[in-house]
Amino acid sequence: MLDTKTDLTALLNDPSLLETRAYLAGDWTEGTGGRSFEVVNPARGDVIASVADIDRGQIAAAIDRAHAAQKDWAARTAKERANILRAWYDLMMANADDLATILTAEQGKPLAEAKGEIAYGASFIEWFAEEAKRVYGETIPGHQPDKRITVIKQPIGVAAAITPWNFPNAMITRKAGPALAAGCAFLVRPASLTPLSALALGVLAERAGLPKGIFSVIPSTASSDVGKEFCGNPKVRKLSFTGSTEVGRILLRQAADQVMKCSMELGGNAPFIVFDDADIDAAVEGAIACKFRNNGQTCVCANRIYVQDGVYDAFAEKLAARLGQMKVGDGLDGADLGPLIEPSAVDKVREHIEDATAKGGTVFYGGSPSNLGGLFFEPTIVTGATREMKVATEETFGPFAPLFRFKDEDEVIELANDTIFGLASYFYAKDISRVTKVAEALEYGIVGVNTGIISTEVAPFGGVKQSGLGREGSHHGMDDYLEMKYICTSV
Ligand SMILES: O=CCCC(=O)O
């Protein structure tokens, strides 16, 4: 563990962005009885803030106020809502350096990546500010001479979200953007490991002019109470969750009681396939970008790397050489790979590597905790990976790249699809017929062809199978926050 202390206030141009109170329906609020919890910098292990810990009664009160405010918000013109969202976007971009510093301090990812996340997060607000004005209905030729049929789209009402620690900014804006653009009121409970980025978004939302009640940030350690209130309160009509499939299943069961509309962005187990005809250097760069983004802690990170026989050794050598150029360390201090988020994450990486080597794999690069100690781990390659290993079926969520060898297209498609998950997949190949066939055969919501970077606000992000329900981003991203109403008029 590094022994430097994080004086976050001193690192910010605008220290007022470092807010530790909850933002409940437009009011900055302490936890009941002054209850709070600590936020720790995972690189340095020091406490960087103590944040209000909100209880179930406070959440219910915020929902009441969101419900009361929502109708006025929905009644504004789309252009008015769009202008406020646009102002929020502008403020995020103007404060990008500070937002990135806060994000790195609480989450650990390198500052350059954090800046990338702020731009990515802001892009959802910009995009949905534009989409607000394009919530078009339909007219349908009537089924009888006297009938006229129209379809209108209306905001679903109060939307609640639970977001993860790995993208403390962008996973909020990807949900808040469409919800607010559609005319919903929106409440988010950010991960308790990373509430400061969410609260800074609250500061900027208020400055942008979002009316009271429409946006809430609810830091809370009472995760089970949050889920129960969000799913059980009849004033909430929509739940959006990004996190593990395990928790997603629990929330879906809870939401079933009031037949709540749910969007779920859940776990992945992404295959990354390198065919013999691939550009190997490009494939190595793609693997670095998608396996080691956020130190392996994203739901779209490659988890299983399949390399065809003819290029297997060359790919392993080049990937190892590339990892050799990357510096593990403090995200605030120019590292390429930051710490893992918490001790259990380190344990999982270690467990997967030990399991792989016990089952015949060979450590080709790295393999151990970093000599920096704490939550740092060396990026690791294991060759000779097989489907019997844990990593074949479970997401590692860390800097471990297992290399599986394969012979032909049919074999690798069968291996790649042999999972309950279906979020992102990637492959590198040049043959146009192969590119088309493999892209169609992969049972995933997202396929990256000759690229390791697939995330953008303009495309529909989401998974099939047990990786989730619904899509975020793109013009489709509005649909989850809208209800269709069909009006049949007899003339
Ligand atoms: O980890 C989940 C989201 C990653 C992304 O949006 O690229």
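Both counts, for ligands and for their atoms, begin at 1 and track the order of listing.
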For D279 and K430, run salt bridge (charged side-chain N to carboxylate O under 4.0 Å, His left out): C-alpha distance rounded to whole Å, both residues' side-chain angles, the deciding distance at 0.1 Å, then the answer. CA-CA 8 Å; D279 173 337; K430 284 195 188 129; 5.3 Å; no
Indicate whether the side chain of Y136 and that of R134 have a donor and an acceptor atom separated by less than 3.5 Å.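 No pair is found: no donor N or O on one side chain lies under 3.5 Å from an acceptor on the other.
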Using a distance-only test with no angle check, is there a side-chain donor-acceptor pair under 3.5 angstrom linking S263 and K238?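 Checked: S263/K238 side chains pair up, N/O donor to acceptor below 3.5 Å.
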Run the salt bridge (charged side-chain N to carboxylate O under 4.0 Å, His left out) test on R387 and E414 for me, step by step, so that the C-alpha distance in whole Å, both residues' side-chain angles and the decisive distance to 0.1 Å come before the verdict. CA-CA 11 Å; R387 70 195 310 169; E414 192 272 317; 3.2 Å; yes
Give every pair made of an N or O atom of ligand 1 and a protein N or O atom lying under 3.5 Å apart, one pair per line with both atom names and the distance to 0.1 Å, or write 'none'.
| residue | atom | partner | partner atom | Å |
| --- | --- | --- | --- | --- |
| ligand 1 | 1 (O) | N166 | ND2 | 3.1 |
| ligand 1 | 1 (O) | C299 | N | 2.9 |
| ligand 1 | 6 (O) | Y120 | OH | 2.7 |
| ligand 1 | 6 (O) | R174 | NH1 | 2.9 |
| ligand 1 | 7 (O) | R293 | NH1 | 2.9 |
| ligand 1 | 7 (O) | R293 | NH2 | 3.0 |
| ligand 1 | 7 (O) | S455 | OG | 2.3 |

Would you say the side-chain atoms of R471 pair up with the backbone N or O of G463, donor to acceptor, closer than 3.5 Å? yes
Is a side-chain donor or acceptor of S467 paired with a backbone partner of G267 at a separation under 3.5 angstrom?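 Between the backbone of G267 and the side chain of S467 there is a qualifying donor-acceptor contact (under 3.5 Å).
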